[in-house]
Every structure is written in C-alpha cells, then in structure tokens.
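Below: the structure, in structure tokens.
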Amino acid sequence: MSLFSSKTWPLAIKLSLTITGVVAAVSFMIGTVMVVQNWKRSHEDLGEKALLLSESIAITTPKAMLRKDIWSLYQSLKNMASGRPGTRGSDEVLTAMILDADGRVQTHLHPASNPMGLPFLPSNTIEQEFFQQAMNARTPIVLSSGGFSKTGFQEGVVPIFSDQKYMGVVRVRLSVAQLYKKAIDTAVTVLALTICFVVFGSAMGTIVSRRMVKPLTAITQGLEAVGRGEMTDFAPVPVKRGDEIGRLSVTFNLIMAELAEKKMLEEEIAMSEKLVALGRITAGVAHEVNNPLAGLLNCVDTLRKHPNDNQLIDRYLPVIDQGLHRIKEIVHNLLVGLKNEENYETIRIENIDKLRDLIAAETGGMDIDLIWKNDTDKDLRVPGKLEQVIYNLLKNAVEIIPDGGRVIFRMSRNGTHLSIEVSDNGPGIPSQIRNQLFDPFFTTKPNGTGLGLWVVYRIVHNMQGIIEVESEEGIGTTFHILVPISTMKDA
Amino acid sequence: MRLIYLLSLLWAFPTYAADTEPPIRFGLTAVVVTENLRFLDQWSEYLEHKMGRKVEFVLRKSYREVMDLLDSGGIEFAWICGYPYVQKREPESLRLLTVPIYRGAPRYHSYIIVHNSSPYRRFDDLKGKVFAFSDPDSNSGFLYPLALMIKKGEKSEAFFRQTFFTFNHAETVQAVSEQVADGGAVDSYIWEYLAVFRPDITEKTRIIKKSPSFGFPPIVSRLGVNASTVKIMKNTLEKMDRDPSGKALLARLKLDGFGNYSDSLFNEIRAMANTIQKSWPTPPMLPTD
C-alpha cells in the first residue's frame, strides 16, 4: 500500500518526477502554441490563396461570360483545379464555380451535380448561408468553414464586374485537409519530442536528483541507525559541496561524532555508577555482616576461654544464633532475584488476603485504618513471591504512618495485567532520596537493613512488571505495581 | 524506330532550294487533328523531303480563321471541313485538292453523344439541356445537329437550355464525358480516333444518333497557288500510302490514304446547308465577337 502512496516515495524519485513533469508540461505547452499558431497562419494563407485563385479566374471571366464561352470558363476552372506542371497544392481545390448575377451556374467544377444555366442549389442550410454571403459580396471576401477540422475549407469569393455592372461571382473553395494533415503531423512530432523530453528528462532528473539526494540518504540511514541504537558502525557522510545539503552533512557528521562521544561517556559513567553501587553493596555487606560478626567472634572467643561456663553459654548462644540468622537473612535478601530461582510456586489469592490480618497484628497497639480492596477473582493464582512484595510494601507503610494513619491496599485485574496499589498518608518521601529508594542497604529506619524495597524491586523486575512511586511530602506515598498475568500463568 | 527511319531518309536526300523559295503554308485546325506537335513536325519533314520545299503547318483555333487565312493568301493549302468547303464564295477562292480515305471510303459521320450514365436515348431527350458544338463551321459538329433541330420543326433557339462551342471535337467528347454538356455533336473520325488512344474518355460517352455518311473533311488549295505546287502537293499526299514512312504517318492519323474525288462527294452537306440557310438564315447560336 505504501508503494502507491506518493508520500512515502524516495525524494530522488519525487524530484525526478517533478523535473520530468515540468519538462513535459513546458514542451507540451510550447508545442501546442506552435501547432496552433502554425495552423492559424497557414489557415489565413490558404484564405489568401483561395482569394488569389478566384481573382485570377475573375479577370478573364467577364469576356467569356459575355460570349457565352462556357467551355473556356470551365477549362479555366479545371486547369486551376488540376494544376499545371510546376504548380503546387492544386489537389486542394474542393470546388469552384462561376455564378451569374441571378445565382445561376455559369460553370462549375463539378458540372454533373451542378448543371449550368440552372440556379445554384446549396446542399444544406449552411451552404445556403455561404451562397447568400457570396451573392451579396461586392468586394472580394474570404468565407471560412472555421474550426479545426479535416473537412474545413477556405473560400475565395470575388464578384465580377464589367463596366461597373455586376455580372456574378467567382467562388473557389480550397480544402484545409492538407493543412490539417500538416498540423496533425506537427502535433505528432511535438508529442514525440515531448515523450523524448520526458524520457530524457526523467533519466537526467533521476541521475541529478540521486546525486543531490545521496548525502540525505546517507544521513537518513545514519539517523535510522541511531534510532536502533547502533552508533559504532557509523561512517561519516562524504561532503563534496558547500550548499545546504553539504552544510547539513557537515552538521550531521559533527552531531554523530558528538553523539558517539556522549555514548562513550555515558558508558563510562554507567561503569563508574556500577562501581559505586558495587562499593555501596560491599560497604553495606561489610557493615551489616561485619558488625554482627565482630560481636559473634567476641562471643565465640569468650566461650572458648570459658568452655564450662554454662551461664555464658546460655547467654551467648542465642546471641550467636540471632546474629547468624541476621547475616543469613541479609545474604538471602541480597540474592533475591539475582539467581534464577526456578521454584515459581503459585499461591491462592486468599493467601494475600491473610496478610491483612498479619499486618494488623504487627501494628501492635497503634490505631491504623487499613482499607483492603481486592477485586480479583477468588480462583486466581499468583506467584508466591508476590506475597513478599505486598508484605514488604504494607510493612513499610504501617511503619511510616503516624497513629491514626491510613493504609489502602488495592488489587485488581486489568486485562492481561494484575494491578497492585499500596498507599499511605504518611509524611511522603523526600525528593532528594527518591532515586535511592530501591538501592540495597539504603534505609531511613534505625534498625532497617535497607533491603526491603530492593527485594520488592528485584521480584517485580523478575516478573517483567513495573513498579512506580508517587509521593508528595506531607500527603503520602503510593506504590503502583503492574505485573503481566501471562507471566504468572506461565509460571 | 520509325522516327530514326524518317531521319535517315532525310539525311540520304538533303533538301535543296528550301532556303531560296518561300515555304508552303498548310492551314490546320484542332478540329481536325489533335495538336500533336511532334507528329506535325514529322509530317512536315516528310512533305518537305518529298516536295523539296519547306512546308509549314499553320494552326488556328477555328475553321473561320483558317478560311480567312485562305482568303487573305496567308496559306496555300488547308485541311478544312466539308461545310466551309460548300459555302458559297464570290468569287470562288479555293479548289478541292484531295480527300482523306477513312476506313476504305472518303466518308464519315456525325455522332450525337451523351454521357454514359445519362438517361437520354434520342436526340429529342436533349431538349432543354446543355449541348456542346465543336465549331460553327463544322459539318458534323454544328451543321448536322442544327439540321436535326430544323427537321423537328424547332425554330427557336430555346431547344437547348444552353450551348457552347469547344472548337475541338476531342474537347466536345471531353465536355460530354465530364458532364459539362448533356450532349454533343462530334466527328465520327475523331471519336473513333479517341476510342483508340483515349478510351477512358470515350467510354464515358454513348452514341445516341449516327448521321448518314458525309464527304470527309477535304484538303483544299487556294486558287492563287501555282499549278505545279498544287500538283506536287496532291501527288505527295495521294502517294503517301505507297512508301513506309508515309504509311506510318497515315497510321498515326488512322487514315488509309488520300484520294482524288469529285466535288459531288459533298452534295449531302451542300443540301443540308441550303436547307438551313432557307429556314434559319443566321443561326442564333453562333458566337459573336
């Protein structure tokens, strides 16, 4: 379809078509004007010729008419029509006649149908009109059939006078057939030339426009490559001219060079950011793991020094146990989503609803308004990991809101996606820490590990879902999660 | 081939005395012979060779002009029609020299012709039509149709709607074939001559009436011409059929030869002329200059 839509045609073709069109139109116009002018001039010339022939007949006519020398009158008409050697275009005489003052045929080139001595009978109303005009003429005139037609004619009408007495009229009618043929021939030549111009013009147009548009094509291809994210195999567009396209090429080459440099810089920045993140994780791990480790090592050392002190054992063992569990939990959380966990077990949706009671229990004595809206089908099964995502978000929410605050949980199926929304009317997240929200070991809570939202982010990301945060200081925070159901079903 | 033969004869017997004596002038009209200049050159060369005198053909449009030339001494001999020959002259200025023999006899006819596609069957059908005469002094081309009209009791010039003279039998045939005229009167000799050389023209015409036979247009001499010249001319013409080059020229003319005939040969024409003279002293169709 796009092939037929002129809007998508390459510029080179459009340009060459335009050039061809202009060339064709101009040559056609010139040709038409030429043909028309030529026709008009030849037509007038033919009229003059008809008049001249009539006049030459009219000179000898009066004497022959007086003598009733019809035969010589007829012969003069016939000689004119058949032409003597050396005369030209004689076959164009359609008809010729000499009529007397009463409109009777004195002689006619076609005597069989126009008997002499009888009144001339026009064959139709148009001829009748010409006849009237000829009979009324007292000075030489040219009668014309007019129009552009093969059957047209020019007629020379010359009245005959003898001693100022009107005797009749000579009518010589010349056919425009030859002119018509000539005009048609000229028109055909003009048309052929136009076609030649069109072919030649379009060939030239194609070559010229291709050469002109070549840098644009290269630029377009380069930009398309940029669009696809390919920057490496870009070759600079050769610049040969200083016109607009040449300047465009230069600018394009500059932009491409700068884009390439920018990409390199971005890659460097990304690398350094990676290093920073790695450092932060390392530092976090060091901090979170090292701190309990020091205590644990201290406990182990003390126990080693007092191996038989049961009191110490009873006191330190739970501490060691607690410390090791914390380390285990930190490592476990850190690894969430990093390794490809195969056990995508699914759970019933009611398991999610049980979190409502769990969170309500964990609020302790605080008065919290927990609004729960689950619009999904009861039979829907969701990945087990989603339970932890929702738990973490809800826990964060209830921890941040003041006494009497409100937490809203909403879950619904939105076509192929499952939409989860957890919002609170807590203090909101300060804008300066919003981009660190999902970083590991980033926390604002004194006892937090900084891995809660990290885990959420990793799980949602693994499900090929989207997580968004909407927060306004003093009003509250809302987390939106959108996970595809197909993924869940596949799981 | 024939021409080369003629030329070779000329070379063998060169003409003499041609420069000293004045040329013999021979008057012709296109009414009798078509204006074939090459043929006339050959004929005059033949006569010059035989007679030892320069012979010049003098061409005129009408019989009247030729007759005037005879009267005024402008020519010595002339090929005229039987009608001017029989007309009374006071004093008589010419003498019958010899008569062409056509198809075995010194006689010919007048043909009344019409266009092949026309409905006319009889001379009467041509009433109110356009008619072409050849020459006002022609027997076959004017006198005979005039006599026909008189025989019908038509005294008025209104028998034909329009008439004209072509001054040439061949052109009369042409005028009828091209339907300029509805009918025409022509010399049978010319019509048959054309039927051989220009059948395309004669095929378009149809003969609706054939006259009784008349004396063939004769060759006459002016009375003032000296007897020896008249005798040589008569002999030369009458012996043309006895030598090959003369025969060749006669063949071109479609004639058998020339013969010695008496004036009575033209009695029919004379009678017809007299009849017309009585009933129609001056035919109104004659052109006036």
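In what follows, chains are A, B, ... by sequence order, proteins preceding strands, each numbered from 1.
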Looking at B:Tyr83 and B:Asn139, what are the two nearest heavy atoms and their distance? CB-N, 3.8 Å
Region of B:Val180 that comes under 4.5 Å of a non-hydrogen atom in chain A: both
Can you name the closest pair of heavy atoms from B:Val58 and B:Arg25 and give their distance? CG2-CB, 4.0 Å
Run the salt-bridge test on A:Glu127 and A:Arg173 with the 4.0 Å N-O cut-off and return the result as yes or no. yes
Cut-off 4.5 Å, heavy atoms of chain B, and the answer for A:Leu118 is both
Interface moiety of B:Gln162 toward chain A, non-hydrogen atoms closer than 4.5 Å: side chain
Can you tell which of A:Met116, A:Lys63, A:His110 has the highest number of heavy-atom pairs within less than 4.5 Å of chain B? A:Met116
Identify whether NZ of Lys or CZ of Arg in B:Arg107 sits under 6.0 Å from the centre of the six-membered ring of B:Phe214 and within 45° of that ring's axis. no
